[in-house]
Amino acid sequence: MSKGLLTPQNCAVVLIDFQPQMIFGVANIDRQTMLNNVLVLGKAAKTFGTPVILTSVETKGFSGNTWPALLDLFPEQEPIERSSMNAWDSNNFVAAVKKTGRKNLVIAALWTEACLTFPALDALNEGYSVFAVEDASGGTSVAAHQAAMRRIEQAGAVPVTALQVLLELQRDWARKEHYDEVMTIVKEHGGAYGQGVEYAYTMVHGAPASRQKRAA
């Protein structure tokens, strides 16, 4: 099991069941905050070229389509459709995991007590390292989320946050290849940290104010 740091070359990001009905049921965290953290995680993976797997459950029968912001972020991907709450029960999902060639799985899911816990336990059992993104996952209650996190931690999963993953992939500010993209993610989604970066850029270093790009 990996005990070292995550790098763009040693991990894959797995985003499970970010669909309307699943989001409706989240009660342990402010939903907009959680979705913001999901975007931090997804944009971090895209920026650093880390493999990403999207999967959805019972899209037509219950849960609805995957969150549009994720589909826009990964337009080349079709979420792997499932019927089981446990993504590891899906041969297509497991095949996608194996295809990445990565043994460190960074997983965020709805809900924590089922769609994160079940595949996390199976992945751990098959020799993968699991990094559960706690603030980009949601449960149906505070107790459900916390109990699920404790269960997978006791089985060997490592809790992380979305911002932690972004910063861990960047690691060294002297690395300039993705510096601007990382700063953009921080300014757009990093709350007080992002506002502090914006202030330093504009008021201390004299950079122009950041603006959202508008379609022509």
Side-chain angles (χ1 to χ4, degrees), residues 6-8 11-57 59 63-80 87 96 100 102 104-112 115-116 119 130-139 145 149 159-171 177-198 201 209-215:
L6 295 170
T7 72
C11 69
V13 170
V14 182
L15 301 173
I16 301 177
D17 300 349
F18 288 96
Q19 301 162 264
Q21 284 287 4
M22 306 305 291
I23 293 171
F24 293 158
V26 171
N28 70 296
I29 184 175
D30 175 76
R31 296 168 193 151
Q32 191 59 47
T33 298
M34 180 195 67
L35 292 172
N36 179 73
N37 296 333
V38 173
L39 282 179
V40 171
L41 183 61
K43 289 182 177 182
K46 184 163 187 174
T47 294
F48 287 95
T50 302
V52 174
I53 298 171
L54 302 179
T55 182
S56 54
V57 65
T59 295
S63 300
N65 294 313
T66 295
W67 189 32
L70 285 180
L71 296 179
D72 288 343
L73 190 57
F74 302 104
E76 73 287 355
Q77 289 217 36
E78 185 70 27
I80 298 168
T100 69
R102 310 295 172 86
N104 294 325
L105 304 181
V106 180
I107 306 177
L110 303 179
W111 298 318
T112 320
C115 301
L116 174 59
V130 172
F131 296 80
V133 190
E134 186 161 0
D135 64 348
S137 301
H145 177 79
M149 289 300 301
V160 293
T161 67
L163 182 60
Q164 179 182 356
V165 173
L166 172 66
L167 297 179
E168 197 162 330
L169 295 180
Q170 171 63 31
R171 191 82 48 78
E177 182 181 1
H178 300 296
Y179 180 91
D180 290 341
E181 296 100 314
V182 170
M183 286 295 97
T184 296
I185 296 169
V186 168
K187 287 190 288 183
E188 289 181 352
H189 302 287
Y193 174 32
Q195 289 301 301
V197 170
E198 176 71 10
Y201 271 35
S210 299
R211 297 179 183 273
Q212 293 286 340
K213 291 182 180 179
R214 297 182 181 275

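A quick note: this is a predicted structure, and the numbers were derived from the prediction, not measured.
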Determine yes or no for a side-chain-to-main-chain donor-acceptor pair under 3.5 angstrom, with [X] supplying the side chain and [Y] the backbone.
X	Y	result
Ser137	Ala109	yes
Arg102	Pro8	yes
Asn28	Gly139	yes
Gln19	Ser56	no
Asp135	Ala162	yes

For [X] against [Y], the heavy-atom pair lying closest together:
X	Y	result
Met34	Ala136	CG-C, 3.9 Å
Ile16	Cys115	CD1-O, 3.5 Å
Met22	Ser63	SD-OG, 3.8 Å
Val26	Arg31	O-NE, 3.1 Å

Atom [atom1] of [X] and atom [atom2] of [Y]: how far apart are they, to the nearest 0.5 Å?
X	Y	atom1	atom2	result
Thr184	Tyr179	OG1	OH	10.5 Å
Leu41	Ile185	CG	CD1	10.0 Å
Glu168	Thr161	CD	OG1	9.5 Å
Leu15	Thr66	CG	OG1	9.5 Å
Glu177	Thr47	CD	OG1	10.5 Å
Gln77	Ile53	CD	CD1	8.0 Å

For residues [X] and [Y], determine if any side-chain heavy atom of one lies less than 4.5 Å from a side-chain heavy atom of the other.
X	Y	result
Asn36	Leu39	no
Leu54	Phe74	yes
Thr112	Met149	yes
Ile107	Val130	yes
Phe48	Leu166	yes
Leu110	Ile23	yes
Cys11	Thr50	yes
Lys43	Leu73	yes

Gln164 and Leu6: side chain to side chain contact (heavy atoms under 4.5 Å, CB included), yes or no, with the steps?
CA-CA 10 Å; Gln164 179 182 356; Leu6 295 170; over 6 Å; no
